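Letters A, B, ... are given to chains in the order of the sequence lines, protein chains preceding strands, and every chain is numbered from 1. Quick caveat: nothing in here was measured; it's all calculated off a predicted structure.
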Number of protein chains: 2
Amino acid sequence: MIQPRPRTIPEATVARLAVYLRVLTALADGGRSTVSSGELAAAAGVNPAGLRKDLSHLGPCGVRGVGYEVRTLSDRISRVLGVGRSRACVLVGIGNLGSALADYGGFGSRGFEFVGLFDASPARIGQRIGGHTVRSVEELEDVVAATQASIGVITTPAEVAQSVCDRLAAAGVKSILNFAPVTLAVPAGVDVRKVDLSVELQVLAFLGQQRLGRAGQLEPVEEPA
Amino acid sequence: MIQPRPRTIPEATVARLAVYLRVLTALADGGRSTVSSGELAAAAGVNPAGLRKDLSHLGPCGVRGVGYEVRTLSDRISRVLGVGRSRACVLVGIGNLGSALADYGGFGSRGFEFVGLFDASPARIGQRIGGHTVRSVEELEDVVAATQASIGVITTPAEVAQSVCDRLAAAGVKSILNFAPVTLAVPAGVDVRKVDLSVELQVLAFLGQQRLGRAGQLEPVEEPA
DNA sequence: GCAACTTTGTTCCTGCGTTCACAAGCGGCT
DNA sequence: AGCCGCTTGTGAACGCAGGAACAAAGTTGC
């Protein structure tokens with residue numbers, strides 16, 4: 001028997017499922033037992049129809065006329081996303097940002113566990129952050145091999161990010177989250193996801209100034225009819 | 001004389017323009033004077049045709065048969081994005097992540113200047129980070145009004161993010177970058193951009209396990225029949 | 001001066017994501 | 001038991017981003 005449902009869930013949907021899961025957890029803590037798509041969508045900041053379509057990728061999991069049972073839906077999403085499955089992560093580059101991530105509690109509750117913090121600076125090595133000890137980046141390959149880490153996070157300066165990325169990929173890491181402001185080249189079979197904080201600010205600023213122009217506060221730069 | 005070009009540049013294009021700008025800056029530092037779309041696209045990790053389409057939103061700025069002049073293109077993108085224009089930003093929530101952002105040098109070179117760091121904890125108030133002193137969140141409205149800050153960054157715990165957001169919006173901040181894991185509600189005319197680190201990891205992990213499933217290495221965790 | 005090569009700018013097209021709208025199904029009320 | 005209202009799940013249309021192919025334009029060599 002084959003599954004009639006296509007196994008591919010759009011990436012945008014996956015991102016929203018994670019958001020829904022967080023909202024559902026908050027609702028469960030609040031004692032709610034059921035919730036409608038409209039209410040859930042409002043809390044997540046999306047369109048109700050889009051939410052239902054996202055959830056349809058999991059198969060029918062609601063009751064018509066009533067809504068979704070919070071517990072059931074929460075479990076279903078957790079299972080699909082693989083929450084609870086422990087995932088070993090390594091983090092390279094223990095600067096300000098790296099320290100913040102290592103110390104952030106939001107990962108552990110989702111099954112992400114840092115099994116190695118690495119830095120090249122002798123001043124950093126040996127420090128304890130978030131319950132782990134910073135190790136020399138020389139040990140990177142050994143730790144990845146020993147722990148079978150599948151996720152690597154790069155928070156190094158841009159200059160060394162590519163070489164760190166190469167070493168992670170060579171050591172067997174299949175998924176890389178990159179905070180360094182460079183575009184990484186990786187071999188096939190390795191996923192890279194980039195988070196660029198200054199680009200986010202830049203886009204935000206551009207939208208702001210574009211909105212000012214549209215608002216006609218100062219000379220309306222509209223094309224006249 | 002009106003500009004015949006439509007003023008709306010797609011958001012995705014704006015984000016890529018910021019990336020191109022970074023690559024161009026690196027090229028200029030390396031002494032390059034011209035660059036082709038193919039080379040620039042490779043360095044930015046995008047399709048050459050897409051890059052040319054992005055650049056076409058700025059009007060013709062290349063020379064056929066030669067390529068783009070690095071200096072000219074760099075200036076053009078900078079002007080469109082508003083780089084160089086100084087933008088006052090306030091940062092609320094000086095935890096690990098907030099400290100990292102306040103101390104990150106990548107913002108100042110793009111014209112983003114933090115004019116206020118705020119926290120509610122007395123233990124944090126008075127600390128100096130990145131050349132600024134952490135102030136009480138009580139002073140938030142006064143500082144925003146005095147500095148005409150247009151951008152606010154929220155790195156507080158989730159529980160207080162909405163109230164901070166409300167205060168920022170009421171004080172006149174028009175663009176908000178939110179790192180707290182909640183969906184913020186804002187009045188019309190205010191832009192919010194959300195960066196959710198744990199969602200990024202979640203998506204990465206899901207793509208990884210999905211890739212494993214497709215590879216047929218082991219049977220994917222099917223719902224039993 | 002002319003031809004050939006290189007590279008841009010544009011156009012078409014395909015696919016995806018989002019939104020709207022409606023049929024199907026379930027609980028509650030009479 | 002039967003009807004009504006509410007909510008889900010799905011099908012269709014719309015708009016948008018991404019990719020490939022092509023024409024225009026400029027340079028280089030002869």
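Listed by residue number, B:R16 are the residues of residues 14-34 of chain B with a heavy-atom contact under 4.0 Å to DNA chain D. Scanning residues 184-202 of chain A for heavy-atom distances under 4.0 Å to DNA chain D yields an empty list.
Close to D:dG9, at under 4.0 Å from its OP1 or OP2, lies no side-chain N or O of A:S56. Within the 4.0 Å cut-off from OP1 or OP2 of C:dG9, at least one side-chain nitrogen or oxygen of B:Y68 is found. Contact check, B:S37 against C:dT8: a side-chain N or O comes under 4.0 Å of OP1 or OP2.
The closest donor-acceptor contact from the side chain of A:R76 to the backbone of A:L58 lies under 3.5 Å. The main-chain N or O of A:P181 is found under 3.5 Å from a side-chain atom of B:R22 such that the two form a donor-acceptor pair.
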Base-contact (B) and sugar-phosphate-only (S) positions in nucleotides 23-30 of chain C, heavy-atom cut-off under 4.0 Å, - elsewhere: -BBBS---
Output, in order, the C-alpha distance, side-chain angles, deciding distance and verdict of side-chain contact (heavy atoms from CB on, under 4.5 Å) for B:V90 and B:F118. CA-CA 8 Å; B:V90 294; B:F118 300 93; 4.0 Å; yes
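By the side-chain hydrogen bond (donor to acceptor under 3.5 Å, both in side chains) test, A:T72 pairs with A:E69, sequence neighbours left out. A:D166 pairs by the side-chain hydrogen bond (donor to acceptor under 3.5 Å, both in side chains) definition with A:Q162, not counting sequence neighbours.
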Between N or O atoms, less than 3.5 Å apart, protein on one side and nucleotides 20-22 of chain C on the other: list the pairs.
residue	atom	partner	partner atom	Å
C:dC20	OP2	A:N47	ND2	3.2

